[in-house]
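Below you'll find the structure, written out as structure tokens, and then a few comments.
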Amino acid sequence: MIDFTFALPTKVLFGKDQLKKLGTNIKKYGDRVLLAYGGGSIKKIGLYDEITKILRDEGIFFKELSGIEPNPKIDKVREGIKIIRDNDLNFILAVGGGSVIDSAKLIAPGVFAKGDPWDLVLKKEKITDALKIGVVLTIAATGSETDNIGVISNDKTNEKLSIAGKELIPAFAILNPEYTFSVNPYQTGAGSADIISHTLENYLTLDEGCFLQNKFAEAILKTIIKYGPIAVKDGSNYEARANIMWASSWAINGLLDKGKDTDWTVHSMEHELSAYYDITHGVGLAILTPRFLEYILNDKTVKMIKNFGINAFGLEDSGDDFKDARLAIKRLFDFFKDELKLPMSLRELGIDDKYFEEMAERQVARRGGRLNGVWPLNKDDIVAIYKKSLDYEK
């Protein structure tokens, strides 16, 4: 286990009655708020009316940034920055899921940037300061409510890239599982797959000696394996929604990768897919992950993959490592397909192999010639995994 520092500065207010504390928590940081949200679902469930009433009752001035899309775009970030500057706002309230929160995470430092906010993503300009962010979460998936990372897309360049920094960690997050009741089965399944992928990117490492972190990861995996299908079938099951929401935060808040050297290979590959094709992030991860595991299965990784199947899915140890590892991969594939009800081939999403070479080249160029995850991948490896993901195995 390598040296690390761990801090979780986000104040989490979890449960049914926490929204009443919204005004008090905002006022610790500001009184002129950018209210950021997505396509209007918060209005359908009545959350918008609740929040705006609290803001008015508390005497908190606010302006709105609405219409933030999945795979959030840099143009919306620029719009948010302009609203803040024009109205002298001093706090951002992100109401929604990962797309809204990630937009806020670039708006927050972008207000202080000298140039375009995309320069912060490209690291042409450094983060010097950032507005504080508060979150009211409405979908459990990305874990962005308690981590330091945001992901933004640029349609003009077909790029989907991340920005990170301690300044981007939300000051507080209100997590009421009831706000996720209206999330449809498809997005519930995609969110569950996203949580599993976050966990696996940290969990599947070789010889790092992080027994405790791995047991935490297995608990998160078991939680989603148990409750993901329940929430897909019954969106108003509070127990399922609550456990998924809490698992989502812990999958990516920094706990699981402490003491490890990780490089998120599958996420890199999926970001290229959704940059070019604007697909649902969790679905792309579900499609790629089993194919990635199949591709890297070898003498050095076999026990790692086998142990995943035994400890997460409860598979029995047959004594044949490769047989058990392949069964673990199949069990994961079937879980995504049959229990989370997700499409499991790229062609189902309207994707062919037209840009595979280009996407792979861009990834390795950004990472010094290869992806250095649990098993290093070069350009040809990435293309091969994309091609394996095109169709179901015959």
Side-chain angles (χ1 to χ4, degrees), residues 10 12 14 36-39 41-42 45 47 68-72 94-105 133 135-153 160 162 170 173-202 217 220-221 223-232 235 237 240-256 264 266-267 270-271 273-274 278-289 335-336 339-343 349:
T10 303
V12 175
F14 192 102
Y37 58 94
S41 63
I42 67 167
I45 65 175
L47 182 57
I68 296 173
E69 300 174 317
N71 294 318
V95 183
S99 297
V100 176
I101 304 168
D102 284 3
S103 296
K105 286 181 176 181
I133 301 167
V135 172
V136 180
L137 190 65
T138 63
I139 182 169
T142 69
S144 197
E145 64 275 6
T146 59
D147 74 11
N148 67 339
I149 301 169
V151 181
I152 299 293
S153 295
K160 183 177 179 180
S162 63
I174 294 175
L175 276 57
N176 181 349
E178 292 176 320
Y179 298 154
T180 67
F181 283 3
S182 65
V183 178
N184 65 42
Y186 182 79
Q187 291 298 335
T188 298
S192 297
D194 198 357
I195 298 166
I196 285 176
S197 181
H198 292 162
T199 308
L200 288 177
E201 297 271 30
N202 292 318
I220 292 170
L221 292 168
T223 297
I224 303 304
I225 290 166
K226 175 180 174 64
Y227 286 110
I230 294 173
V232 168
N237 186 302
R241 292 294 195 183
N243 278 277
I244 292 170
M245 180 174 269
W246 197 218
S248 174
S249 292
W250 283 100
I252 196 174
N253 65 12
L255 174 70
L256 301 185
W264 286 33
V266 179
H267 269 69
E270 198 291 321
H271 284 169
L273 281 175
S274 49
D278 203 22
I279 64 174
T280 300
H281 178 56
V283 174
L285 293 171
I287 292 171
L288 291 172
T289 300
F335 176 76
F336 288 145
E339 298 184 56
L340 296 185
K341 308 298 183 183
L342 298 175
L349 305 180

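Keep in mind that this is a model prediction, so the values were computed, not measured. In this chain, residues are counted from 1 in sequence order.
- Under the 3.5 Å distance criterion, the side-chain polar atoms of Ser153 are left unmatched by any main-chain donor or acceptor of Lys160.
- Of the residues listed (Thr146, Asp194, Asp147, Ile220), the one engaging Ile252 in a side-chain contact (heavy atoms from CB on, under 4.5 Å) is Asp147, and it is the only one.
- Rounded to the nearest 0.5 angstrom, Asn71 CG and Asp278 CG are separated by 5.0 Å.
- Between the side chain of Lys105 and the backbone N or O of Ile149, at least one donor-acceptor pair lies under 3.5 Å.
- Using a 4.5 Å cut-off on side-chain heavy atoms (C-beta onward), Tyr37 and Thr138 make no contact.
- The heavy-atom pair separating Val136 from Tyr179 by the smallest distance is CG1-CE1, 3.8 Å.
- Across every non-hydrogen atom of Ser249 and Leu175, the tightest pair is OG-CD2, 3.6 Å.
- Heavy atoms only, all atoms of each residue included: Thr199 and Ala251 are closest at OG1-CB, 3.5 Å.
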Can I get a per-line list of side-chain donor-acceptor pairs under 3.5 Å for residues 282-289, giving both atom names and the distance, sequence neighbours left out?
| residue | atom | partner | partner atom | Å |
| --- | --- | --- | --- | --- |
| Thr289 | OG1 | Leu285 | O | 2.7 |

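- For the pair Leu340 and Ser192, the tightest heavy-atom approach, listed with the atom from each and the gap, is CD1-CB, 3.9 Å.
- Taking each heavy atom of Pro170 and Ser144 in turn, the nearest pair found is CG-O, 3.8 Å.
- Residue Ile225 holds its CD1 atom at 12.0 Å from CD1 of Ile195, rounded to the nearest 0.5 Å.
- The salt bridge (charged side-chain N to carboxylate O under 4.0 Å, His left out) check on Asp102 picks up nothing, with sequence neighbours excluded.
- Counted by atom type alone, Asn202 and His198 present zero donor-acceptor pairs between their side chains at under 3.5 Å.
- Taking the six-membered ring where tryptophan is involved, the planes of His281 and His267 are perpendicular, since the angle between them exceeds 60° and thus also 30°.
- Phe336 approaches Ala193 most closely through the heavy-atom pair CE2-CB, 3.8 Å.
- Between Thr180 atom OG1 and Asn237 atom CG the span is 10.0 Å, to the nearest 0.5 Å.
- With Glu201 contributing its side chain and Val266 its backbone, the two residues share a donor-acceptor pair below 3.5 Å.
- Thr10 and Glu145 share no side-chain donor-acceptor pair at under 3.5 Å.
- Ring pair Phe14/Trp246 is perpendicular by interplanar angle, where above 60° counts as perpendicular and below 30° as parallel.
- The CG atom of Asn243 sits 4.5 Å away from atom OH of Tyr227, with the distance rounded to the nearest 0.5 Å.
- One distance of note links CZ of Arg241 with CD1 of Ile139; it measures 8.0 Å at 0.5 Å rounding.
- Within the model, atoms CD of Gln187 and OG1 of Thr280 stand 5.0 Å from one another, a figure rounded to the nearest 0.5 Å.
- In this structure the side chain of Ile244 never reaches within 4.5 angstrom of the side chain of Thr223, judged on heavy atoms.
- The salt bridge (charged side-chain N to carboxylate O under 4.0 Å, His left out) search around Glu69 returns Lys73, not counting sequence neighbours.
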